[in-house]
Amino acid sequence: MENISPALLEWFYKNRRSLPFREDPTPYHVWLSEVMLQQTRVSAVLPYYYRFLEALPDIPALAACEEEKLHKLWEGLGYYSRVRNLQKAAKLVCAQYGGQLPADYAALLALPGIGEYTAGAIASISFGLPVPAVDGNVLRVFSRLYNDPGVITEPAVKKAFTARVMEHQPPEKAGDYNQALMELGALVCVPNGAPLCGQCPLAEVCRARAAGTTAQLPQKAKPKPRKIVPVTLALVESPAGFLVQQRPQKGLLAGLWQPVLWEDEHLLQAEVLARLTALGLDTGTAAPAALPAAKHIFTHIEWLMSGVQLRVAAQSAPAGYVWASREQLRTAYALPGAFRAYKPLLL
DNA sequence: TGTCCACGTCT
DNA sequence: AAGACGTGGAC
């Protein structure tokens, strides 16, 4: 196949979206934006990106940030290990590289939370190094360009596609070329079988377009069914606020905060009261109110939530729990989006 | 309603 | 190799 980069770059320079991390592509800006953009759309990321940089304008500031403030800056973005790894890496960068990201693909790849894609994006976009940055957009574009039915979730297929990506990459414009491929995937060679081939600078050479197979590409593995998990929660409010606890530092929603909650159990009101009493809480005599049922879908799990809401007298919090005021819940404690249905009651 | 996006990284 | 890990919006 002829080299696609001249037509691709010409299209990119005319059609690229103006994005804050593109207008000022420092290594830190590109790093932060790429980590935020992993599994998350541009429109969702932008407000977080502005707020994060305002609070933590450089890598040393990120390295020094309090964990709770960091979680709060990421609250609602999901995949919270991303922000913990971001700070781990920032601390390493301060200790090993004087607070500046290294202009070296292998050194970037060695940092926590930076995998092949993110290392390639930073190295090519910020440092101009001729390395690949192959994300889902690029895999989709190349699966269609070559009419290749390879299952793109398989590492061997990704490797083969990456080799093709590099055959077309102009070493002097690696960053623009990589961004152009992703931008083409985001704006023109879109998923779900309806690419805008009429606007595509590569339409003439696209083998899937010639074969009429764009809607069947890319091929992917079937997702596994999600596990259904019953969850019971208790919104316990005293004059001091709501009773909350921090989740364990490993696993689902690690380190985030939640109301009193039992996973894998669907409890009746009387059972909830008994559990609260067993924690040492004086629940008084007022009848609890049932909470509306709610569902939250994670990638691999589906929470079916129900529970109760109740007011109790002023008292000390049971071990492992704290009373958090509405103000503290708004400004200091990071609550995952899974509790969105109940947030109006909490905030 | 349910599916897809969404390879991205770590384990 | 395969599973863990969030969220929200498009369709």
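These numbers come from a predicted model, not from an experiment. Order of the sequence lines fixes the chain letters, A, B, ..., with proteins taken first and strands second; residue numbering starts at 1 for each chain.
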> Has A:K227 got a side-chain N or O lying under 4.0 Å from the OP1 or OP2 atom of C:dA4?
Replying inline: no

> Less than 3.5 Å between a donor and an acceptor, one on the side chain of A:R41 and one on the base of B:dC5, is that the case here?
Replying inline: yes

>> With rounding to the closest Å, how many angstrom separate the P atoms on B:dC5 and C:dC5?
In response: 22 Å

>> With a 4.0 Å cutoff (strictly under), does any side-chain N or O of A:H296 reach OP1 or OP2 of C:dT7?
In response: yes

> Is any NZ, NE, NH1 or NH2 atom of the basic residue among A:E327 and A:R330 found under 4.0 Å from an Asp or Glu carboxylate oxygen of the other?
Replying inline: yes

> What integer distance in Å separates A:R82:CZ from B:dT9:P?
Replying inline: 11 Å

> Mind checking the P distance from C:dG3 to B:dC7? Whole angstroms is fine.
Replying inline: 15 Å

>> Taking NZ in A:K72 as the centre, count heavy atoms belonging to other residues, nucleotides or ligands within less than 6.0 Å. Is the count above 12?
In response: yes

> Choosing from B:dC5, B:dG2, C:dG6, which nucleotide comes nearest the side chain of A:K220?
Replying inline: B:dC5

> Heavy atoms under 4.0 Å, any strand shown: does A:I297 hit a base, just sugar-phosphate, or nothing?
Replying inline: base

> Taking the side chain of A:K158 as its heavy atoms from C-beta onward, which of B:dG2, B:dC7, C:dG3 lies nearest to it?
Replying inline: B:dC7

> Contact class for A:I114 (heavy atom, under 4.0 Å): base, sugar-phosphate, or nothing?
Replying inline: sugar-phosphate

>> Need one value for A:E116: base, sugar-phosphate or nothing, where a base atom within 4.0 Å counts as base even if backbone is also close, heavy atoms only.
In response: sugar-phosphate

> In whole angstrom, what separates A:L46's CG from C:dG9's C1'?
Replying inline: 15 Å

> Should A:Y48 be listed as having a side-chain N or O under 4.0 Å from OP1 or OP2 of C:dT7?
Replying inline: no

>> Tell me the interatomic distance from A:R84, atom CZ, to C:dA4, atom C1', rounded to whole angstroms.
In response: 12 Å

>> Counting neighbours of CD on A:Q249 that are heavy atoms of other residues, nucleotides or ligands and sit closer than 6.0 Å, is the number greater than 12?
In response: yes

> Looking only at N and O atoms, is any donor in the side chain of A:T118 or the base of B:dG8 less than 3.5 Å from an acceptor on the other one?
Replying inline: no

>> Base, sugar-phosphate or nothing for A:Y117? Non-hydrogen atoms, less than 4.0 Å.
In response: sugar-phosphate

> Relative to the 5' end of DNA chain C, which residue comes earlier, A:H300 or A:P155, by the nucleotide with the nearest heavy atom?
Replying inline: A:P155

> Which part of the nucleic acid, if any, lies within contact of A:R140, taking any heavy atom under 4.0 Å across all strands shown: a base, the sugar-phosphate backbone alone, or nothing?
Replying inline: sugar-phosphate

> Which whole number of Å gives the distance between the P atom of B:dG2 and that of B:dA6?
Replying inline: 22 Å

> Under 4.0 Å between a Lys/Arg side-chain N and an Asp/Glu carboxylate O for A:D148 and A:R164?
Replying inline: yes

>> With a 4.0 Å cutoff (strictly under), does any side-chain N or O of A:Q39 reach OP1 or OP2 of C:dG6?
In response: no

>> Among residues at least two apart in sequence or on other chains, which ones pass ring-ring contact (aromatic ring centres under 6.0 Å, His included) with A:F21?
In response: A:Y49

> Which nucleotide, C:dT7, C:dG8, C:dG3, lies nearest any side-chain atom of A:K224?
Replying inline: C:dG3

>> Is it the case that over 12 heavy atoms from other parts of the model lie below 6.0 angstrom from the CZ atom of A:R16?
In response: yes

>> What is the separation between atom NZ on A:K222 and atom P on B:dC4, rounded to the nearest whole Å?
In response: 10 Å

>> Does A:L86 reach a base, just sugar-phosphate, or nothing at all? Heavy atoms under 4.0 Å.
In response: nothing

>> Under 4.0 Å, heavy atoms only, any strand: does A:K159 hit a base, just the sugar-phosphate, or nothing?
In response: nothing

>> Looking at A:T40 and C:dG8, is any side-chain donor or acceptor paired with a base atom of the opposite kind under 3.5 Å?
In response: no

>> Distance check needed: B:dC5 C1' versus A:F298 CZ, whole Å only.
In response: 19 Å

>> Judged by each residue's nearest nucleotide on DNA chain B, which is more toward the 5′ side, A:P191 or A:G113?
In response: A:P191

>> Output the rounded distance in Å from OH (A:Y79) to P (C:dG3).
In response: 15 Å

> Base, sugar-phosphate alone, or nothing: which one does A:A254 contact when heavy atoms must sit under 4.0 Å apart?
Replying inline: nothing

> Relative to the 5' end of DNA chain B, which residue comes earlier, A:P223 or A:P112, by the nucleotide with the nearest heavy atom?
Replying inline: A:P223

>> Using a 6.0 Å cut-off, check whether atom CD of A:E167 has over 12 heavy atoms from anything other than its own residue.
In response: yes

>> Working note: A:W323 + A:F242, criterion ring-ring contact (aromatic ring centres under 6.0 Å, His included); need CA distance, chi angles, decisive distance, verdict.
In response: CA-CA 5 Å; A:W323 296 108; A:F242 285 97; 8.8 Å; no

>> Any base atoms under 4.0 Å from A:S81, or only sugar-phosphate, or nothing? Heavy atoms, all strands.
In response: nothing

> So which nucleotide does B:dC7 pair with, by the Watson-Crick or G-U wobble rule with both distances under 3.5 Å?
Replying inline: none

>> With a 4.0 Å cutoff (strictly under), does any side-chain N or O of A:N137 reach OP1 or OP2 of B:dA6?
In response: yes

>> Checking contacts here: which listed nucleotide (B:dG2, C:dG6, C:dC5) is nearest the side-chain heavy atoms of A:I301?
In response: C:dC5

> To the nearest Å, how far apart are A:Q38 CD and B:dC10 P?
Replying inline: 8 Å

>> Can you measure A:L139 atom CG to B:dC4 atom P for me and round it to whole angstrom units?
In response: 17 Å

